[in-house]
Amino acid sequence: MGDQDLPGVLVSDLEGPHGICEDHAEDLKRHFNLITMQDFLENKAQLGPKIQAVYIWGGRPAVSQELLCSLPSLKIVASAGAGLDHLDLGLVASFGVKVANTPHAVSSPTADLGMALLLAAARRVVEGHQLAVSPHTENFPTDYMGQQVTGATLGIIGMGSIGYKIAQRARAFEMKIVYHNRKRRKLEEEEAVGAIYCERLDDLLQSSDFVMLAVSLTPQTQGLIGKRELRLMKPTAILVNIGRGLLVDQDALVEALQTRLIKAAALDVTYPEPLPRDHPLLELKNIILTPHIGSATHQARRQMMENLVESILASFSGLPIPNEVLLK
Ligand SMILES: O=C(O)C(=O)CO
């Protein structure tokens with residue numbers, strides 16, 4: 001079968017910063033005729049009817065009403081990662097189109113990164129590296145102190161699969177774990193990681209040495225951590241965000257870090273991404289920033305691609321779709 005006979009799948013780009021992973025393209029091309037957004041836009045009338053799936057990588061391409069209207073054969077929107085805040089699920093469903101994502105592929109690497117940020121912020125690893133390599137360093141200070149992780153209390157906000165994997169890792173650090181979630185976990189799941197449910201977010205904020213945001217961004221969670229919540233946290237507390245930037249009121253966070261209302265923050269996600277180069281968060285010493293790399297391991301990214309292929313192929317064959325996202 002020639003490329004043109006394979007089912008059409010829309011991707012943002014094949015290369016560049018917004019492209020799909022380079023080494024994935026060859027695998028994808030064995031199953032699909034990959035059509036880039038640019039090719040589609042240049043020839044909508046001919047290519048639109050051929051496209052049966054949209055492959056979202058790094059949140060792109062954006063799926064708008066206009067796009068959905070120009071894809072009459074579309075069966076599925078397959079989105080890499082766990083977060084779905086870039087998609088209007090109701091809109092997609094109204095076109096009779098299915099949605100799938102890859103929550104299982106990303107949960108372990110994202111939890112690993114959450115722990116890496118927690119440890120790095122607690123022990124001031126990035127600042128320490130800068131000190132150790134600086135040409136101006138003559139002696140190592142004896143008072144270069146961090147926060148102890150072992151035995152500290154970790155408050156996890158969002159106890160889905162990522163939050164739960166963080167709890168599993170934190171247990172190995174002998175941390176006390178409290179969590180806040182829309183729905184309480186089963187007793188045996190709580191006991192397996194020694195996690196205590198906090199019905200009130202305020203109680204978690206007041207008692208935690210580390211607060212980990214592992215919750216999805218929804219209209220209900222946007223701005224979850226604002227001025228009031230930051231004030232409730234301990235002055236020695238560290239905030240880690242591996243969810244989405246908009247979970248936190250960023251201006252309030254800047255102020256809290258500048259005035260030492262809290263000790264430090266470690267963020268894999270901000271808004272926008274990247275931050276403008278003159279953003280006040282970039283000036284602070286008590287912050288660690290990473291460029292949204294929760295799922296960025298070769299293994300996870302390959303599994304994400306393979307999971308998307310499985311979901312797309314299942315939708316074409318009318319089979320149950322692995323990782324289908326159902327409207328709540
Ligand atoms: O899976 C996601 O949605 C992520 O953003 C991982 O970092």
statement: Across all chains, not counting sequence neighbours, the ring-ring contact (aromatic ring centres under 6.0 Å, His included) partners of His24 are Trp57

query: By ring-ring contact (aromatic ring centres under 6.0 Å, His included), which residues pair with Tyr197, not counting sequence neighbours?
result: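 Tyr197: ring-ring contact (aromatic ring centres under 6.0 Å, His included) contacts with Tyr179.
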
Under a 4.0 Å N-O cut-off, is there an ion pair linking [X] with [Y]?
X: Arg302; Y: Asp23; value: yes
X: Lys227; Y: Asp251; value: no
X: Asp202; Y: Arg228; value: yes

For residues [X] and [Y], determine if any side-chain heavy atom of one lies less than 4.5 Å from a side-chain heavy atom of the other.
X: Leu87; Y: Ser79; result: yes
X: Val211; Y: Asn241; result: no
X: Leu113; Y: Asp268; result: yes
X: Asp203; Y: Val178; result: no
X: Gln147; Y: Lys263; result: yes

Taking atom types as modelled, find out whether [X] and [Y] have a side-chain donor-acceptor pair closer than 3.5 angstrom.
X: His279; Y: Thr270; answer: no
X: Gln303; Y: Gln299; answer: no
X: Gln220; Y: Thr218; answer: yes

field: Minimum heavy-atom distance Lys234-Ser208, with the two atoms named
entry: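 So the two residues come closest at CD-O, 3.7 Å.
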
message: Restricting to non-hydrogen atoms, name the atom on Met115 and the atom on Met212 that form the minimum distance, rounded to 0.1 Å.
response: N-CE, 4.4 Å

field: Of Leu261, Ile238, Leu205, the residue whose pairing with Met233 passes side chain to side chain contact (heavy atoms under 4.5 Å, CB included)
entry: Leu205

- line: The single option from Gln52, Glu324, Lys98 that satisfies side chain to side chain contact (heavy atoms under 4.5 Å, CB included) with Ile76 is Lys98

Residue pairs passing the side-chain hydrogen bond (donor to acceptor under 3.5 Å, both in side chains) test where at least one lies in residues 129-141, sequence neighbours excluded: none

query: Taking the side chain from Thr297 and the backbone from Ala300, do they hold a donor-acceptor pair closer than 3.5 Å?
result: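 Side chain of Thr297 to backbone of Ala300: a pair is present.
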
message: Could you check whether Arg244 makes a cation-pi contact with Tyr271, meaning its NZ or CZ is under 6.0 Å from the centre of the six-membered ring and within 45° of the ring axis?
response: no

